[in-house]
Visitor: 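Sharing a structure here in structure tokens format.
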There are 2 protein chains.
Amino acid sequence: MKITYKGDYALKAILDLALHYGSMVTIHELADRIDAPIKFLEQVLLDLNRGGFAQSKRGKVGGYQLAKQPSQIKLGEVIRYIDGPIEPIACTEREYTQCRDIYRCIFRSVWQRVGVAISEVVDTLTFADLVKMQKKPKQSLHYEI
Amino acid sequence: MKITYKGDYALKAILDLALHYGSMVTIHELADRIDAPIKFLEQVLLDLNRGGFAQSKRGKVGGYQLAKQPSQIKLGEVIRYIDGPIEPIACTEREYTQCRDIYRCIFRSVWQRVGVAISEVVDTLTFADLVKMQKKPKQSLHYEI
DNA sequence: TACAATCTCTATGGATATAGTAGAGTATAT
DNA sequence: ATATACTCTACTATATCCATAGAGATTGTA
């Protein structure tokens, strides 16, 4: 998994739309709040429309809004849609099942475990959770190893 | 995190050296068993030397061997050394702490959670574990979601 | 000593992805 | 009408990845 800037902007855009759920947000406001180049952000939003995450309206009072409730959008969905599979690939590319080398199965099981571990984070968090976290910063995600 | 081919080859090379712990392995044998271009693999092995994972010997009976015991090498160490940080970066690059946008803290905590989740897989597995798995394929990593 | 096998090191190149820019077009409220 | 907003396609610069090439250094052995 690698989160590109495109993915990063996409996630922040959706969080912003979630925080303003119910009203229209223009791309100017969005670009300003998430600090993204506006022309690049246009493409991201276009993708989010096509992915069924956002809805747009043109014209004078146009803008973007979420196409679903924040609680219905998982982080993982957006990440996968924008930046591709969550697993640390490199091997699936070459049709891993056809690999000549003899250690393929071992590492496949490792990457699968990693994939599950990542999924347990990004597929259990919705944007409704992030909204809560944003509003109550004390309830942020804490961790002790 | 993204595992490149370089990282993939590195991991498989070390596993091979672990399976042949105690004897020298030439780069030809290695390239053959892990199905990697030999000249590319040379660079990888060079890096593994510099990283303290492998030791080389030149000349007629030369080759490579592990610089530590298989149980002393975690997957995570190798991954980080070859392919960089485990977290799904994209944000650390721009000095995330200095980010202008207002959602930085939220996503930072998410990426940290992801990093911890990945770490719990790759930093608890050593190459001794992989050797065991290779020899007893039934004890492979199983998972039900 | 000569030489063959091995690792070492630096440079270079092609392909692809990433991040961003540009500009013309379409829809809509006033 | 027109200003404002979204839509769509094309383009470019840069970096990274995945090698490939070739000359050099070390070591065992005939």
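Bear in mind that the values here come from a model prediction, so they are computed numbers and not experimental data. Numbered from 1 within each chain, the chains take letters A, B, ... in sequence-line order.
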Visitor: In whole Å, I'd like the distance from the CD1 atom of A:Ile3 to the C1' atom of C:dA19.
Guide: 16 Å
Visitor: Checking contacts here: which listed nucleotide (D:dC6, C:dC7, D:dG28) is nearest the side-chain heavy atoms of B:Lys60?
Guide: D:dG28
Visitor: Decide, yes or no, whether a salt bridge links A:Lys2 with B:Asp83 under the criterion of side-chain N to carboxylate O below 4.0 Å.
Guide: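 Salt bridge: no.
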Visitor: Considering only side-chain heavy atoms of B:Val61, which listed nucleotide, D:dA19, C:dG25, D:dG28, is closest?
Guide: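 It is D:dG28.
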Visitor: Give the nucleotide from the list C:dT8, D:dT7, C:dT21 with an atom nearest to the side chain of B:Glu42.
Guide: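 Within the option list, the nearest is C:dT8.
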Visitor: Tell me: CG of A:Leu48 to C1' of D:dT7, nearest whole Å?
Guide: 14 Å
Visitor: Does OP1 or OP2 of C:dA17 have a side-chain N or O of A:Lys6 closer than 4.0 Å?
Guide: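 No.
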Visitor: Compare the minimum distances between each of C:dT18, C:dG20, D:dC8 and the side chain of A:Tyr9, then state the nucleotide with the smallest one.
Guide: C:dG20
Visitor: Using side chain to side chain contact (heavy atoms under 4.5 Å, CB included) as the criterion, point out the one residue from A:Leu130, A:Ile3, A:Leu11 that pairs with B:Val110.
Guide: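 Output: one option passes, namely A:Leu130.
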Visitor: Please report, rounded to the nearest Å, how far the C1' atom of C:dT18 is from the CZ atom of A:Phe40.
Guide: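 In whole Å, C:dT18 C1' lies 7 Å from A:Phe40 CZ.
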Visitor: Without decimals, in angstroms, what is the distance between A:Asp35 CG and C:dA19 C1'?
Guide: 14 Å
Visitor: Find the distance between CD (A:Glu120) and CZ (B:Arg113) and round it off to the nearest 0.5 Å.
Guide: 10.0 Å
Visitor: Are B:Asp8 and B:Lys12 ion-paired here, with the side-chain N under 4.0 Å from a carboxylate O?
Guide: yes
Visitor: Between C:dA24, D:dC18, D:dG28, which nucleotide has the shortest distance from any of its atoms to the side chain of B:Lys57?
Guide: D:dG28
Visitor: It should be established whether B:Arg50 places a side-chain nitrogen or oxygen under 4.0 Å from OP1 or OP2 of nucleotide C:dC9.
Guide: yes
Visitor: Can you work out whether A:Gly59 or B:Ile38 has the more 5'-proximal nearest nucleotide on DNA chain D?
Guide: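 It is A:Gly59, whose closest nucleotide lies nearer the 5' terminus.
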Visitor: Mind listing the closest non-hydrogen atom pair of A:Glu87 and A:Trp111 along with its distance?
Guide: CG-O, 4.2 Å
Visitor: Choosing from D:dC6, C:dC9, C:dA19, which nucleotide comes nearest the side chain of A:Ile27?
Guide: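 Nucleotide nearest to A:Ile27's side chain: D:dC6.
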Visitor: Look at the side chain of A:Lys39 and decide which nucleotide, out of D:dC8, C:dT18, D:dT27, has an atom nearest to it.
Guide: D:dC8
Visitor: Using whole Å, what does the distance between atom C1' of nucleotide D:dC6 and atom CG of A:Leu17 come to?
Guide: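 Spelled out: CG on A:Leu17 to C1' on D:dC6 is 14 Å.
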Visitor: Would you mind reading off the distance between B:Gln43 atom CD and C:dT8 atom P, rounded to a whole angstrom?
Guide: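 Whole-Å distance recorded here is 12 Å.
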Visitor: From the options C:dT8, C:dA29, C:dT18, select the nucleotide whose nearest atom is closest to the side chain of A:Thr4.
Guide: C:dT18
Visitor: Among C:dG23, D:dA19, C:dT18, which nucleotide has an atom closest to any side-chain atom of B:Tyr5?
Guide: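 Among C:dG23, D:dA19, C:dT18, the one nearest the side chain of B:Tyr5 is D:dA19.
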Visitor: Does any non-hydrogen side-chain atom of B:Ile27 lie less than 4.5 Å from one of B:Glu42?
Guide: yes
Visitor: Would one find a side-chain N or O of B:Ser56 under 4.0 angstrom from OP1 or OP2 of C:dT8?
Guide: yes
Visitor: Mind checking B:Leu45 for me? I need base, sugar-phosphate or nothing, with any heavy atom below 4.0 Å counting as a touch.
Guide: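 Result for B:Leu45 = nothing.
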Visitor: Could you give the CG-to-C1' distance, from A:Asp47 to C:dT18, as a whole number of Å?
Guide: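 A:Asp47 atom CG is separated from C:dT18 atom C1' by 14 Å.
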Visitor: Please determine whether a side-chain nitrogen or oxygen atom of B:Asn49 lies at a distance below 4.0 Å from atom OP1 or OP2 of C:dC7.
Guide: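 No, B:Asn49 has no side-chain N/O under 4.0 Å of OP1/OP2 on C:dC7.
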Visitor: In whole Å, I'd like the distance from the CZ atom of B:Arg58 to the C1' atom of D:dT26.
Guide: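 About 5 Å, once rounded to whole Å.
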